[in-house]
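Data first, discussion second: the structure below is written as C-alpha cells.
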Amino acid sequence: MTEAYLCPKCKTNRTRFHQIDQAALPVKLDPRSGEIVETFEEETLTPIHMHYNGPAIRIQCGACGLNEAEETFVAFAKNSPLS
C-alpha cells in the first residue's frame with residue numbers, strides 16, 4: 001500500500017482499509033462429496049486446469065465493507081479533489 005486510497009462507495013474513507021492477500025490453491029475435487037482429491041503446484045497444472053490470473057491482493061473498506069481490486073480504490077483517490 002504505497003498509494004492513496006478512497007472508497008468509491010462511501011466516498012469519505014481514506015484511512016481505514018483491509019488488505020486481503022489472495023493465495024490460490026489449485027485443487028481437484030471429488031464431484032460427489034466435494035472433498036479435495038488432489039492439490040497441484042502452479043508449475044504442474046494439467047492442461048485443462050487454468051492458472052489463476054486474478055489480483056494478488058484485494059482491498060476492503062473498513063467503513064462500509066466494499067471489497068474490490070486495489071486499482072479501484074487508487075483510481076478513485078486520484079480522481080478526487082483532495083489529490
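These numbers come from a predicted model, not from an experiment. Worth knowing before you read on, the calculation uses all heavy atoms, side chains too, and leaves out hydrogens, waters and symmetry mates.
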Determine yes or no for a side-chain-to-main-chain donor-acceptor pair under 3.5 angstrom, with N13 supplying the side chain and T15 the backbone.
-> yes
Could you tell me which non-hydrogen atom of R32 sits nearest to which non-hydrogen atom of D30, and how far apart they are?
-> N-OD1, 2.8 Å
Under a 4.5 Å cut-off applied to non-hydrogen side-chain atoms, are N67 and I20 in contact?
-> yes
Applying side-chain contact (heavy atoms from CB on, under 4.5 Å) to Q22 and not counting sequence neighbours gives Y52, P55, R58
Can you tell me if Q60 uses its side chain to pair, donor with acceptor, with the backbone of G65 under 3.5 Å?
-> yes
Distance col, row C7:SG vs R16:CZ, nearest 0.5 angstrom, shows 10.0 Å
Where is the tightest heavy-atom contact between P26 and H49, given as atom of each residue plus distance?
-> CB-NE2, 3.8 Å
Test side chain to side chain contact (heavy atoms under 4.5 Å, CB included) applied to R14 and S80, step by step | CA-CA 11 Å; R14 292 179 177 270; S80 72; 2.8 Å; yes
Would you please classify the geometry between the F73 ring and the Y5 ring as parallel, tilted or perpendicular, with 30° and 60° separating the classes?
-> tilted
A4 and A77: which non-hydrogen atoms are nearest, and at how many Å?
-> O-CB, 3.4 Å
Indicate yes or no: does K78 engage E3 in a salt bridge with an N to O separation below 4.0 Å.
-> yes
Value rounded to 0.5 Å, distance of OG1 in T12 from CG in L6 | 8.0 Å
Measure the NZ-SG distance between K9 and C61 for me, rounded to the nearest 0.5 Å.
-> 8.5 Å
Distance-minimising heavy-atom pair for L45 and F40 | CD2-CB, 3.6 Å
Only counting residues at least two apart or in another chain, list the ones meeting side-chain contact (heavy atoms from CB on, under 4.5 Å) with I36.
-> V27, L29, T39
Side-chain donor/acceptor of K11 to backbone N/O of P8, under 3.5 Å = yes
